[in-house]
Amino acid sequence: MLRLLIGTGLALMVLGFGAAGWQYWASLPAAPATQDPSAQPADAALAQGGWLVSPTGGLIPRDDVRAYLAQDRLVPGRSVTVTHTAPLTALLAEGQTLPAQPYLQVFADIRAPRMAEGLCPVLLASVAQDCAIHSARVVPDSVDPVRGTARFRIELAYRLKPEADPLPDLGAHVFLSEILAVGDDPAAVTVPAPEEAAEPAEDDAAPAEVANPLAAASVTDALAALVATVVQTCSDAEDRQACRLLSLSLDWAPGTPGFGQGRVGWLEPLPEGMLLAPSLDPAPEAPQG
């Protein structure tokens, strides 16, 4: 009997310690995704506390670092925002009719994901390895029952396709970024004063008009043109190494000039005489909003 009690006690102790050990191992953080054999070296550097610095020696915000380095996953800083006008009838399935006017705004918001169809394939056909719809909503108070249209705002997240050439030594380079504007910015359009509208002198050459690549027949064509223009502009700059597309925004409506912006980031060698060492302080977080 005594042996039975002792054996039972030992068994319970083993089970108790085993459960405690399992809970400990289960509570440990999961292995980083960069341990995947297909992960890029830059992603491994990010998992180990990768950092980028500006030409003045300051640390780059972590959201920008993730958007530039973390090519193996979707991150908030790498996104595409498309705001465009579309007919409400595009929200209908075959045989359906639009609801009464008081319900159009709610109806448009519920069916807004339909307006995202076709956008991810544009990215997948060009720069993206993966693409997902983050959100799709109707712009508040944008429903026009007279014209039968509404404005929709679509947000996409994406992963860039892997590059053939590895990144250069991050410790020997600085990170820079720029916002490239494409098309006609509605906020920048001004009406000249009467005295400014005078006929130009004969020796003054009139500025050549540049066709707006975003004046396309559809929002998908406009997005494709925006991607191609931003990527080409960045790659044409000879002093930019590993230029990557960080984010895009497009504002488009049928029959009107479109406007878009693309944010790109790249690396350049350290300025002469500049030596870098990782800071002991965490990198600043990107501003919200």
Side-chain angles (χ1 to χ4, degrees), residues 32-34 39-81 123 126-129 156-183 185 187-188 210 213 226-250 259-289:
T34 50
Q40 299 183 27
D43 302 329
L46 178 64
Q48 297 168 7
W51 51 282
L52 297 171
V53 294
S54 70
T56 59
L59 285 177
I60 301 299
R62 292 298 294 171
D63 280 354
D64 289 346
V65 175
R66 294 187 187 101
Y68 186 76
L69 292 181
Q71 298 298 294
D72 66 328
R73 65 186 83 109
L74 303 175
V75 295
R78 193 187 312 114
S79 63
V80 173
T81 302
L123 299 179
S126 52
V127 297
Q129 179 74 18
L156 309 173
Y158 65 97
R159 292 192 297 122
L160 287 174
K161 292 180 178 178
E163 299 163 349
D165 299 326
L167 286 177
D169 181 8
L170 299 183
H173 292 76
V174 294
F175 174 81
L176 298 95
S177 64
E178 179 185 12
I179 295 178
L180 303 173
V182 180
D185 185 358
V210 179
L226 176 62
V227 173
T229 303
V230 172
V231 171
Q232 187 65 42
T233 301
C234 193
S235 62
D236 283 347
E238 297 180 357
D239 58 338
R240 298 181 179 183
Q241 300 182 39
C243 189
R244 292 177 170 179
L245 181 63
L246 302 181
S247 64
L248 288 171
S249 65
L250 171 66
F259 176 71
Q261 291 182 322
R263 186 163 181 262
V264 295
W266 69 93
L267 300 174
E268 290 186 4
L270 290 177
E272 186 176 355
M274 182 178 181
L275 297 176
L276 295 181
S279 172
L280 297 178
D281 299 326
E285 294 294 337
Q288 301 295 322

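- Remark: Leu246 CG to Ser177 OG distance equals 7.0 Å, nearest 0.5 Å.
- For Glu178, the side chain to side chain donor-acceptor pair (under 3.5 Å) test picks out Arg240, with sequence neighbours left out.
- In this structure Asp239 satisfies the side chain to side chain donor-acceptor pair (under 3.5 Å) test with no other residue, sequence neighbours excluded.
- Side-chain contact between Arg244 and Glu163 is present, with at least one heavy-atom pair separated by less than 4.5 Å.
- When all heavy atoms of Gly77 and Ser247 are compared, the pair lying nearest together is O-CB, 4.2 Å.
- Under the 4.5 Å side-chain criterion, counting only non-hydrogen atoms from C-beta, Val65 is not in contact with Trp51.
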side-chain contact (heavy atoms from CB on, under 4.5 Å) assessment of Ile60 paired with Ser54 | CA-CA 6 Å; Ile60 301 299; Ser54 70; 3.9 Å; yes
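- Summarising the geometry of Gln71 relative to Leu160, their closest heavy-atom pair is OE1-CB, 2.8 Å, with the distance given to 0.1 Å.
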side-chain contact (heavy atoms from CB on, under 4.5 Å) between Phe175 and Val53: does it pass, once the steps are laid out?
-> CA-CA 6 Å; Phe175 174 81; Val53 294; over 6 Å; no
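- Considering every non-hydrogen atom in both Pro271 and Pro55, the closest pair reads CG-O, 4.1 Å.
- Partner of Val127 under the side-chain contact (heavy atoms from CB on, under 4.5 Å) criterion, chosen from Val231, Leu248, Val230: Val231.
- Listed here is the closest heavy atom pair of Val227 and Ser126: CG1-OG, 3.7 Å.
- Put simply, the side chain of Leu170 reaches to within 4.5 Å of the side chain of Leu52, judged on heavy atoms.
- Closest approach of Arg78 to Arg66, counting heavy atoms only: NH2-O, 3.5 Å.
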List the steps and the verdict of side-chain contact (heavy atoms from CB on, under 4.5 Å) for Leu69 and Leu167.
-> CA-CA 9 Å; Leu69 292 181; Leu167 286 177; 3.6 Å; yes
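- Ion pairing between Asp64 and Arg263 holds under the 4.0 Å rule for side-chain N and carboxylate O.
- Within the 4.5 Å cutoff, no side-chain heavy atoms of Leu267 are placed close to those of Val174.
- Leu156 contributes atom CG, which lies 6.0 Å from atom CG of Leu123 (distance to the nearest 0.5 angstrom).
- Smallest separation of non-hydrogen atoms from His173 and Pro168: CE1-CB, 3.4 Å.
- With sequence neighbours excluded, no residue forms a ring pair (Phe, Tyr, Trp, His ring centres under 6.0 Å) with Tyr158.
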